[in-house]
Amino acid sequence: MELKKCPKCYTDVCVNGKWFHHDHLTTNAYMLNGSDPVNVELAKVPTTETELIEMLNEQF
């Protein structure tokens, strides 16, 4: 699925049993981990949900 090209949009995905939040049009994501989120810097801005999941899979 294409990610919307809108800075107000975001996607939450589950990768290997861990939930991640990604704000569209950024290279930032973070693992939802209670009050202590784990920040992730992506190699590039993902354009699809599949690409986002693949990038997160490489790091976790």
Side-chain angles (χ1 to χ4, degrees):
M1 177 174 87
E2 284 281 322
L3 297 179
K4 291 185 179 182
K5 292 175 174 65
C6 175
K8 294 180 181 179
C9 294
Y10 66 89
T11 299
D12 291 335
V13 294
C14 184
V15 177
N16 298 324
K18 298 173 182 140
W19 281 95
F20 292 87
H21 174 91
H22 171 260
D23 292 317
H24 293 194
L25 299 177
T26 71
T27 57
N28 301 318
Y30 63 87
M31 181 172 49
L32 303 173
N33 190 27
S35 63
D36 188 26
V38 176
N39 292 316
V40 178
E41 186 68 29
L42 303 171
K44 66 177 190 164
V45 175
T47 57
T48 66
E49 188 173 304
T50 301
E51 185 177 32
L52 172 61
I53 291 169
E54 288 171 357
M55 293 167 108
L56 290 169
N57 255 327
E58 290 173 4
Q59 296 192 28
F60 290 91

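- For the atom pair CG (Leu3) and OG1 (Thr11), the distance works out to 4.5 Å, reported to the nearest 0.5 Å.
- Residues Asn16 and Asn57 bring a donor and an acceptor atom of their side chains to less than 3.5 Å of each other.
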Starting from the C-alpha separation in whole Å, work towards a yes-or-no answer on side-chain contact (heavy atoms from CB on, under 4.5 Å) for Met1 and Thr48. CA-CA 5 Å; Met1 177 174 87; Thr48 66; over 6 Å; no

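- To the nearest 0.5 Å, atoms OG1 (Thr26) and NE2 (His24) are separated by 9.0 Å.
- To the nearest 0.5 Å, atoms NE2 (His21) and CG (Asn39) are separated by 11.0 Å.
- Tracing side-chain contacts under 4.5 Å through hydrophobic residues (I, L, V, M, F, W, Y), one reaches Leu42 starting from Met31; they form part of the same cluster.
- Note: the hydrophobic cluster containing Val45 does not contain Val40 (ILVMFWY, side chain heavy atoms under 4.5 Å, direct or indirect links).
- In this structure the side chain of Val13 reaches within 4.5 angstrom of the side chain of Glu49, judged on heavy atoms.
- Tracing side-chain contacts under 4.5 Å through hydrophobic residues (I, L, V, M, F, W, Y), one never reaches Met55 starting from Leu25; they form parts of separate clusters.
- Residue pairs meeting the ring pair (Phe, Tyr, Trp, His ring centres under 6.0 Å) criterion with at least one member in residues 40-60, sequence neighbours excluded: Phe20-Phe60.
- Between Lys4 and Cys9, the closest heavy-atom pair is CD-SG, 3.9 Å.
- With hydrophobic clusters built from ILVMFWY side chains whose heavy atoms lie under 4.5 angstrom apart, Val15 shares a cluster with Val38.
- To the nearest 0.5 angstrom, Glu41 atom CD is 5.0 Å from Asn28 atom CG.
- Distance NZ/Lys18 to CG/Leu32: 12.5 Å, rounded to 0.5 Å.
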